[in-house]
2 protein chains.
Amino acid sequence: MATVDTTRGGEAQRTLRADARRNRERVLAAASAAFAEEGFDVGVAAIARRAGVGTGTLFRHFPTKLELEVAVVLERAAGMSENLQAALAEPDPWEAFTTLMTRIVEQTSSDRCLGQATKPELLGDPRIQELQDELLRGVEEILRRGRDAGVLRRDVTAEDIPVLASAIGTTMERFRTSQPELWRRYLGVVLDGLRADGAAPLEPGPPGPDLLSGTC
Amino acid sequence: MATVDTTRGGEAQRTLRADARRNRERVLAAASAAFAEEGFDVGVAAIARRAGVGTGTLFRHFPTKLELEVAVVLERAAGMSENLQAALAEPDPWEAFTTLMTRIVEQTSSDRCLGQATKPELLGDPRIQELQDELLRGVEEILRRGRDAGVLRRDVTAEDIPVLASAIGTTMERFRTSQPELWRRYLGVVLDGLRADGAAPLEPGPPGPDLLSGTC
DNA sequence: ACCTGAACACCGTTCAAGT
DNA sequence: ACCTGAACACCGTTCAAGT
């Protein structure tokens, strides 16, 4: 409420002792790999072992497992920004839109941790929300182009995009090894459903900015 | 491998002592309600308390928590069968299809336990698979009518339906209280994407019958 | 036969003792 | 200042003792 933390990560990186700084990095790297491979279910003991530190050290840097999850998800922000840049660089409006969707869903499907990133505790974190808001502005631009060109249905909003992308990404998790490309099939259905022609009016309106309210 | 269990539930209901039979029913009812409200995360202790029995009794009737989950999901089979019958009764092919999808997604979105029913351990259970196979045959019929009438895209298979339905249902879980009707919006997108006109070819092919293989 | 609750194993988290 | 691992709380599961 009082001080506004402008450093994206939130963690005070000031004056960390050399070994502490290195240990923090190790834990983050270990968690990043473990989460991507096995999802958020991996125990903290396994992560600490993988990082070569005690569990106490892990919790010193990340006071809760959720905090560690947030840190890893924020790390993935770079990839999402790249997806956005790649889409914005595309001259054809429909191509730009499909590029965006394809890259988001592909990334979400292949990274188990991103596939599970829709859990309410994570979405409720203010840093994650800030990141999402930032990305939404870029998505807005892509959608505007598509609508102006008459190729994209007019009633889709930027908030719909992460919902649709995560719906596919999350559901594809169980096909990750057996049919790793299956997400393309359902993305195809959704993309056809988002075309301007032949679209039936959508009811109800898009989700509000309070993506987290209910449940937990 | 040797004996084929034809009784859908699997549980031998022979000669259960009166109190045992009643306790089993109580546990199942308590679990059914608790799972629907809070999802599979509720502790067994809470379920046992709600049923008015000791945890030992719970585990006597359902040797594992997963077993209890399976029993509850199988109980929901009746509702899914009803959905199918309602759709088959619809004369208009497109109406029949939308009725089916609407009812499935509605049920999946409002029942927290069904929303989480896609976890691999559950889908791997032979009884759940048998149930799914049975339902798929009905879905097949609905799809055939839609294709024959030229209203439904020809490359959609019955296996796609539960995948698409659960994708929406699972993702809508976090909007259950804040925007309980939001699922209609995304079902709208998907339905438009499944129309015959304006459909782009789907890649890759549908998921195989081995819905569970990888991951766990 | 069946019920019960104390006991066990496992995992996230804490903290007293070390350097 | 920071690291460590033993200790704690919690939850699924087991089992010896009861009826």
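Hydrogens, waters and symmetry mates play no part in the numbers below; they use all other heavy atoms, side chains included. Quick note on labels: first sequence line is chain A, next is B, and so on, each numbered from 1.
When atom types are taken as modelled, the side chain of Asp125(B) and the backbone of Leu122(B) share no donor-acceptor pair closer than 3.5 angstrom. Within the 3.5 Å criterion, the main-chain N or O of Ile104(A) finds a donor-acceptor partner in the side chain of Thr108(A). Checked by atom type and distance alone, the side chain of Arg176(B) never pairs as donor or acceptor with a backbone atom of Asp111(B) at under 3.5 Å. A donor-acceptor distance shorter than 3.5 angstrom exists from the side chain of Gln116(B) to the backbone of Phe40(B), with no hydrogens or angles considered. Distance alone, capped at 3.5 Å, places no donor-acceptor pair between the Asp192(B) side chain and the Val189(B) backbone. Between the side chain of Thr170(B) and the main chain of Gly115(B), a donor-acceptor pair closer than 3.5 Å is present.
Distance from the side chain of Val53(A) is smallest for dT4(D) among the nucleotides dC2(C), dT4(D), dC2(D). Checking dC3(D), dG12(D), dC3(C) against the side-chain heavy atoms of Lys65(B) singles out dG12(D) as nearest.
When the P atom of dA1(D) is taken as reference, atom CZ of Arg21(A) falls 17 Å away, rounded to whole Å. Rounded to whole Å, the distance from CZ on Arg24(B) to P on dA1(C) is 18 Å. Counting to the nearest Å, the P atom of dC11(C) and the CG atom of Leu68(A) are 17 Å from each other. In this structure, the CZ atom of Arg49(A) is 14 Å from the P atom of dT4(D), given to the nearest Å. Look at CD1 on Ile47(B): it is 12 Å from C1' on dC11(D), rounded to the nearest Å. At whole-Å resolution of the value, CD in Glu121(A) and P in dG12(C) are 14 Å apart. Rounded to whole Å, atom C1' of dT4(D) lies 13 Å from atom CG of Leu58(A). Summarising the geometry, the separation between CZ on Arg60(A) and P on dG5(D) is reported as 16 Å, rounded to the nearest angstrom.
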Contact letters for nucleotides 14-19 of chain D, in which S counts primed atoms plus P, OP1 and OP2 and B counts the base, heavy atoms under 4.0 Å
BB----
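Helical stems of DNA chain C (runs of at least 3 Watson-Crick or G-U pairs, donor-acceptor distances under 3.5 Å) are listed by first residue: C:4-8 with D:12-16, C:12-16 with D:4-8.
Partners of Thr171(B) under the side-chain contact (heavy atoms from CB on, under 4.5 Å) rule, at least two apart in sequence or in another chain, are Val163(A), Ser166(A), Ala167(A), Arg174(B). Applying the side chain to side chain donor-acceptor pair (under 3.5 Å) criterion to Asp133(B), with sequence neighbours excluded, gives no partner residue. Listed by chain and residue number, Arg26(B), Val27(B), Ala30(B), Val53(B) satisfy the side-chain contact (heavy atoms from CB on, under 4.5 Å) test with Ala51(B) (two or more places apart in sequence, or in another chain).
Listed by residue number, Val42(A), Gly43(A), Val44(A) are the residues of residues 26-46 of chain A with a heavy-atom contact under 4.0 Å to DNA chain C.
With no hydrogens or angles considered, no side-chain donor-acceptor pair links Ser109(A) and Glu173(A) at under 3.5 Å. For Arg76(B) and Ser32(B), the side-chain atoms include at least one donor-acceptor pair closer than 3.5 Å.
His61(B) has a side-chain polar atom (N or O) that falls below the 4.0 Å cut-off from OP1 or OP2 of dC3(C). Under 4.0 angstrom from either OP1 or OP2 of dG12(D) there lies no side-chain N or O belonging to Thr64(B). Look at Asn23(A) and you won't find any side-chain N or O under 4.0 angstrom from OP1 or OP2 of dC2(D).
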For Val190(B) and Tyr186(A), run side chain to side chain contact (heavy atoms under 4.5 Å, CB included): C-alpha distance rounded to whole Å, both residues' side-chain angles, the deciding distance at 0.1 Å, then the answer.
CA-CA 9 Å; Val190(B) 168; Tyr186(A) 300 106; over 6 Å; no
